[in-house]
Each structure stands twice: as structure tokens, then as C-alpha cells.
Amino acid sequence: MSPLSCYLLVAALLFAVGLAGALTRRNAILVLIGIELMLNAANLNLIAFWRYGPHPEALTGLMFAVFSIAVAAAEAAVGLGLVISIYRHLRTVDLDEISRMKG
Amino acid sequence: MNTDLLRILPETILVVAGILVMLIDASLPPRAQRRGLIWVAAPGTMLALWASLIQLRLDPGTAFFGAVETSPFTIFFHVLICGIVLVALLLAYDTLPRDSHHQGEFYALVLFGASGMCLLTGAVELLVVFIALEISSISTYILAGYRKHTGKGPEAAIKYFLLGSFATGFLLYGIALIFGATGSTQIYEVAHKAASAQNHTFIVLALMLMLVGILFKVSAAPFHVWTPDVYEGAPSPVVALLSTAPKAAAFALLLRVLYQMLPDLRSLWMPLLWVIAAASMTIGNLAALRQQNVKRMLAYSSIAHAGYLLAAFAGLADKGIAAAAFYIAAYAAMNVGIFAVVTLISGYDEHLPLVADFRGVLYRSPLLGSLLIFFLISLIGIPFTGGFFGKFYSFSAAVGGGAVVLAIIGLLNSGVAAAYYVRLAVTVAQKPENGMSQAALPVPQIGVAVGAALLFTVGATLWLGIAPEPILRAAENAAHALQ
């Protein structure tokens with residue numbers, strides 16, 4: 001197996017793990033961790049495609065990954081802020097208990 | 001002056017206005033009222049709108065090494081988004097609680113979000129697409145939880161946030177695969193390389209993943225679950241914004257990805273969107289029939305409208321794009337308008353959230369009652385309103401593209417939808433019950449700012465319904481620019 005397909009396989013597994021975590025966990029923070037895993041799987045893909053692609057001298061993939069890490073950090077900051085704000089009200093971060101609106 | 005800078009002038013103005021709002025907000029004493037910051041936010045938005053119109057004088061082209069583009073397509077959406085944001089700001093000015101000390105943050109977030117949405121419509125580099133989408137999303141996540149002192153606000157925000165970032169994960173993974181398959185993230189280069197690619201597996205997979213991410217933002221059927229909860233929990237002035245502006249930007253991105261980046265895969269994505277359009281209309285309308293809460297009902301109705309709009313994608317490139325762009329404009333005008341009216345009737349804290357609570361509004365406030373009925377008529381799609389021509393162009397584009405069945409499903413759905421719109425309209429027109437507490441309810445006050453916002457939305461809805469030619473021509477120019 002070529003190095004590129006190894007990396008792609010790892011990234012796909014990471015994405016699957018993140019997806020499973022985001023879908024099955026009921027704790028808001030664990031769901032957030034699952035989503036971060038999905039984003040990092042995409043970053044790993046970008047780096048692998050860049051390094052083993054036809055133009056490793058152009059820094060496209062690397063730049064993309066750097067920006068996406070920064071954006072993911074901003075997103076996590078907002079997400080944790082929202083988790084704290086809901087915890088103040090309901091004293092729980094369990095998504096099933098948070099969910100009051102129905103219909 | 002450097003034309004590169006002119007090509008991102010509207011976004012620059014919005015960001016500068018947002019930063020100004022934040023700086024002034026921070027320098028005001030802690031107990032001071034922050035409502036006056038509208039005098040920075042609203043003129044900033046108007047300036048951005050003007051700057052978008054100035055861009056019509058530029059030759060269509062890209063700037064910053066092929067990262068952003070100015071064309072009739074981007075200008076159409078810039079003007080639309082700036083118009084929506086302006087109305088939402090005026091609405092918020094009169095309806096947010098006056099003693100709130102967070103209004104500075106509110107205006108700043110709206111402006112930053114607007115800059116992200118504008119950038120998204122002009123981005124032709126997938127990195128810029130990703131960043132712009134996140135700027136707009138992160139701002140709207142926070143805005144959705146603006147009423148943080150009620151339980152519903154944070155719940156709406158956290159649901160929106162978790163599902164939104166979940167969808168972003170798919171989008172980013174799709175972009176990574178596009179980069180792997182074509183070696184580029186510039187949309188024109190991707191289009192060029194995808195056309196000559198031997199192996200389409202990665203590109204097809206990437207398209208699917210990107211579609212998940214984008215269709216979530218427009219709340220199309222399998223990805224719509226967040227919509228009712230977010231619309232119910234977020235304050236109504238915010239819902240007026242986030243049910244229209246981010247959707248318009250996301251539809252612009254969808255048009256760009258499908259018609260400009262991967263037009264050769266039309267045989268693949270067309271049937272897919274056919275199913276999603278039919279599902280969105282049907283699920284949205286059937287669920288709306290059962291709703292007692294007005295905002296939840298309008299949330300499901302907006303899912304159905306996303307379906308009507310997606311029907312235009314079944315059309316041939318020219319007509320399809322123009323019909324979709326026109327529909328977005330018509331939908332934005334009437335939806336912002338109806339949420340403005342609902343905000344005034346239900347109040348910011350929503351003491352009157354149910355359809356039954358709207359009984360007799362026409363007698364309590366004849367103006368608001370008749371405006372509500374007017375916007376409902378437009379949402380049904382009766383002639384002389386924007387909603388009629390939006391549906392008309394969308395369905396005729398679908399028929400032109402050979403999707404006759406989809407157009408018939410759309411027409412049937414319009415009939416179902418009329419049932420719940422008419423139910424609300426009839427409730428509004430019923431006489432209030434004698435001796436009920438409703439008679440004692442205060443008549444909603446219509447301030448100058450919200451009055452201007454209502455006038456603007458009514459004018460736009462009527463204009464699109466009586467003389468749609470100028471907007472349709474602009475939409476057709478936009479469609480040409482995209483090909």
C-alpha cells in the first residue's frame with residue numbers, strides 16, 4: 001500500500017470514529033470532541049494530499065490545514081461558551097435532558 | 001485605487017463597522033444604553049450596499065490571486081444580503097429590550113456575520129469559502145442564543161452549534177477530497193481539472209460530502225431537524241435574519257458548486273436534488289400543519305420554501321439559476337416581513353406564541369393584522385405578491401428542465417401549505433372573545449425604525465409581485481455570470 005493510501009485510510013477511520021462519537025454520545029462536550037475529530041480527519045487528508053500530490057512546493061494543503069485549525073479553535077471556544085451557558089440554567093450538559101422544545 | 005481592494009469593499013466596510021461598534025461599546029460606561037450603536041451599524045450596512053452597487057462599474061473578474069470574484073452574480077447576492085441585514089437591524093433596534101447591555105455585541109455580530117455571508121457569495125477559492133461560511137455560522141450560533149436568560153435561548157444555540165459544526169465537518173472533508181482529486185482549491189481550476197479527470201470516484205464522494213454541509217445550511221429535508229427548535233428558541237428579530245440571509249448565501253454557494261465547479265456531474269446531482277426538493281416540500285408542509293406555535297409553523301414553512309427553491313435546480317442552467325436567485329429574493333422579502341410582524345405581535349419575550357393567541361389581532365391592531373395577512377398571502381403564492389412569481393419561475397424552470405413530476409408535487413404542496421397559512425389568517429381576522437384577557441392586551445407600538453423595516457419589506461414583496469422584470473433581469477445577468 002502506498003503511503004498516501006495509508007494516510008487516507010487513517011483519516012477515513014478518524015472521520016468514522018468522530019462521526020460515531022458525535023451521533024451516539026449524549027454529553028454535549030463529547031459530541032464536540034467527536035466533531036473535532038471529524039475536522040482533524042479532514043486536516044490529515046489535506047496534509048497527505050498536499051505532501052504526496054503533484055505540487056508539494058505549493059503550500060495549498062498546508063495553508064488550508066493551518067486555517068482550518070484556527071477556525072476549529074474559534075468554533076470550540078464558542079461551543080464551550082454555549083455549553084457553560086446552558087449548564088448555568090439546567091445544571092446538566094446531557095443533550096436529552098437539555099432538549100425541552102418538541103413538535 | 002487598487003481594484004483588488006474595490007472587489008472586497010462591501011465586506012471591508014461591514015467588518016470595519018463591526019469593529020467600530022465593538023470599540024465604542026467597550027468605551028461606553030457599563031450602565032449606559034447601547035441602542036445608539038445602530039447609528040454605526042445601519043449606516044455601515046447602507047454603505048456596504050452602496051459599495052456593492054458601485055462594483056457594477058467594475059469589469060467582472062477575480063481579485064487576490066483568484067480568491068474572490070465580483071460579477072453580477074455576487075452583486076445580486078450582496079445587495080440582497082445587505083438589504084436583509086439592514087431590515088433586521090432596524091427591527092432589532094425597536095424590539096430588543098431597551099435596558100439590555102448586550103446590544104453592542106448584537107450589532108457587531110450581525111455585521112460580522114453579514115461580512116461572512118457576503119464573502120461567501122463572492123468566494124471562488126475553497127479556502128475562502130470555508131472561512132466565510134464559518135464567519136457567518138459562528139456569528140449566527142451566538143445570535144441564536146441571545147436570550148440567554150431563558151432556557152430556550154441556550155438550547156437553541158447549542159443545537160444549532162452542534163449540528164452546524166457537524167455539517168461543517170462533512171464540508172471540510174469534501175473539500176479535502178476535491179483537493180486530492182484535482183490538486184487545486186480554486187473553483188475555476190477545479191472545474192477545469194474535474195472536466196478532464198479520468199477517475200471520478202473522489203470527486204463524486206467529495207460532492208456528496210459538500211452537499212451534506214451546504215444543504216444543512218439551507219435546511220433542506222433530511223438535514224432540517226435543527227430548524228424548528230432554533231427558530232423557536234432564538235429571538236424573533238434574529239430569526240428574521242437567520243432564516244433568510246445565511247440561507248441566501250448558502251444557496252449562492254450551492255449554485256456555484258453545482259453549476260460552476262461540477263457542471264459535468266449534472267446527471268448525478270440533478271436526481272439527488274430532485275428527491276431532496278420533493279422531500280423538503282412534503283415534510284415541511286405536513287409538519288407545519290400540526291404546529292400550534294407560530295414560529296415553529298413558520299420554521300417548517302421555510303423548510304418547504306427551501307424545497308420550492310431547490311425545484312429550480314432541476315431546470316436548465318440559464319433558467320434554473322435565474323429562477324433560484326429570484327426565489328431567494330422573493331422569499332427573503334416576505335419572510336423577513338412576516339417575522340417582523342410576528343415579533344411585534346408576540347413581543348420579544350413571546351408572551352403570545354401560539355396560533356390561538358393571534359386571535360383578533362386584526363381588531364387590536366388593524367395595521368399589523370392586515371400586514372400579517374398580506375405576508376401570508378405572499379407565502380401562499382397568490383398573484384401580485386413576490387411569492388407568486390418566485391414559485392411561478394421556479395416551477396416553470398423545473399418543467400423546462402424536464403422535471404414535470406416535481407413541478408406537480410410542488411403545486412400539490414402549495415395547496416397543502418395554503419391550509420395552515422389560511423388557518424392563521426382566519427384566526428387573525430376572528431373577533432376577540434368577549435371578556436377574554438386579550439381585549440386588555442396592549443396594542444403593539446410600532447416605532448419609526450420598525451415602521452421603516454415593515455415599509456421596506458412590504459414594498460419589496462409588492463414590487464416583486466407587480467413589476468418583477470428588473471429583478472428577474474438582474475437574476476438572469478447573475479445566471480449568465482455564473483456560467
Item checked: Residue part contacting chain B, namely of Leu95(A), when any heavy atom lies under 4.5 Å -> side chain
Check: What's the shortest heavy-atom distance between Ala28(A) and Ile158(B), and which atoms?
Finding: CB-CD1, 4.3 Å
Note to self: When you compare the side chain of Asn43(A) with that of Leu172(B), does any pair of heavy atoms fall below 4.5 Å?
What the structure shows: yes
Margin query: Which atoms of Ala11(A) are under 4.5 Å from chain B, going by heavy atoms: the side chain, the backbone, both sets, or neither?
Written below: both
Notebook entry, point to check: Considering only heavy atoms, which portion of Ala156(B) lies under 4.5 Å from any heavy atom of chain A: side chain, backbone, both, or neither?
Noted result: both
Margin query: Is Phe202(B) in contact with chain A via its backbone, its side chain, both, or neither, using a 4.5 Å heavy-atom distance?
Written below: side chain
Checklist line | Any side-chain heavy-atom pair of Glu75(A) and Thr168(B) under 4.5 Å | finding: yes
Next item on the list: Specify the closest pair of heavy atoms between Leu82(A) and Ala157(B), including all atoms of both residues, with the distance to one decimal.
Entry: CD2-CB, 3.6 Å
Next item on the list: Indicate the ring-plane relationship of Phe15(A) and Tyr173(B), choosing parallel, tilted or perpendicular according to the 30° and 60° boundaries.
Entry: tilted
Checklist line | From Asp229(B) atom CG to Ile98(A) atom CD1, the distance as rounded to the nearest 0.5 Å | finding: 12.0 Å
Notebook entry, point to check: Which region of Ala74(A), side chain (C-beta onward) or backbone (N, CA, C, O), has a non-hydrogen atom less than 4.5 Å from a non-hydrogen atom of chain B, or is it both or neither?
Noted result: both
Check: Phe130(B) vs Phe64(A) aromatic rings, parallel, tilted or perpendicular, using cut-offs 30° and 60°?
Finding: tilted
Margin query: Heavy-atom cut-off 4.5 Å, strictly under: side chain, backbone, both or neither for Ile47(A) against chain B?
Written below: neither
Margin query: Taking the side chain as everything from C-beta on, heavy atoms only, tell me whether Phe179(B) gets closer than 4.5 Å to Asn45(A).
Written below: no
Note to self: Does Arg51(A), at its CZ atom, have more than 12 non-hydrogen atoms belonging to other residues, nucleotides or ligands within less than 6.0 Å?
What the structure shows: no
Next item on the list: Would you mind checking which part of Leu171(B) comes under 4.5 Å of any heavy atom in chain A, side chain (CB onward), backbone (N, CA, C, O), both or neither?
Entry: neither
Next item on the list: Could you tell me whether a side-chain N or O of His89(A) sits under 3.5 Å from a main-chain N or O of Lys148(B), the two making a donor and an acceptor?
Entry: yes
Notebook entry, point to check: Ile35(A) versus chain B, heavy atoms under 4.5 Å apart: side chain, backbone, both or neither?
Noted result: side chain
Next item on the list: Could you walk me through whether Ser99(A) and Lys159(B) pass the side chain to side chain contact (heavy atoms under 4.5 Å, CB included) test, one step at a time?
Entry: CA-CA 9 Å; Ser99(A) 202; Lys159(B) 279 182 175 167; 2.8 Å; yes
Next item on the list: Can you see which heavy atom on Met38(A) is nearest to which on Phe170(B), and at what distance?
Entry: CE-CE1, 3.7 Å
Next item on the list: Sort Ala12(A) into side chain, backbone, both or neither according to what part of it lies under 4.5 angstrom from a heavy atom of chain B.
Entry: both
Notebook entry, point to check: Where does Thr150(B) contact chain A at under 4.5 Å (heavy atoms): side chain, backbone, both or neither?
Noted result: backbone
Check: Counting heavy-atom pairs under 4.5 Å to chain A, which of Leu162(B), Ile131(B), Asn293(B) comes out on top?
Finding: Leu162(B)
Notebook entry, point to check: Taking everything shown except Phe67(A) itself, do over 12 heavy atoms lie less than 6.0 Å from its CZ?
Noted result: no
Check: Heavy-atom distance under 4.5 Å to chain A: side chain of Leu126(B), backbone, both or neither?
Finding: both
Next item on the list: For Tyr7(A), look at atom OH and say whether over 12 heavy atoms of other residues, nucleotides or ligands are found less than 6.0 Å away.
Entry: no
Note to self: How close do Leu39(A) and Gly169(B) get, counting heavy atoms only, and between which atoms?
What the structure shows: CD2-CA, 3.7 Å
Item checked: Gap between atom NE2 of His149(B) and atom CZ of Arg88(A) - 0.5 Å precision -> 9.5 Å
Item checked: Best-contacting candidate, Ser165(B), Gly164(B), Ser137(B), against chain A by heavy atom pairs under 4.5 angstrom -> Ser165(B)
Check: Are the side chains of Phe166(B) and Leu23(A) in touch, meaning some heavy atoms are under 4.5 Å apart?
Finding: yes
Note to self: I'd like to verify something: which residue of Gln292(B), Glu134(B), Lys152(B) has the highest number of heavy-atom pairs under 4.5 Å with chain A?
What the structure shows: Glu134(B)
Next item on the list: Write down the atom of Ile86(A), the atom of Pro154(B), and the distance for their closest heavy-atom approach.
Entry: CD1-C, 3.7 Å
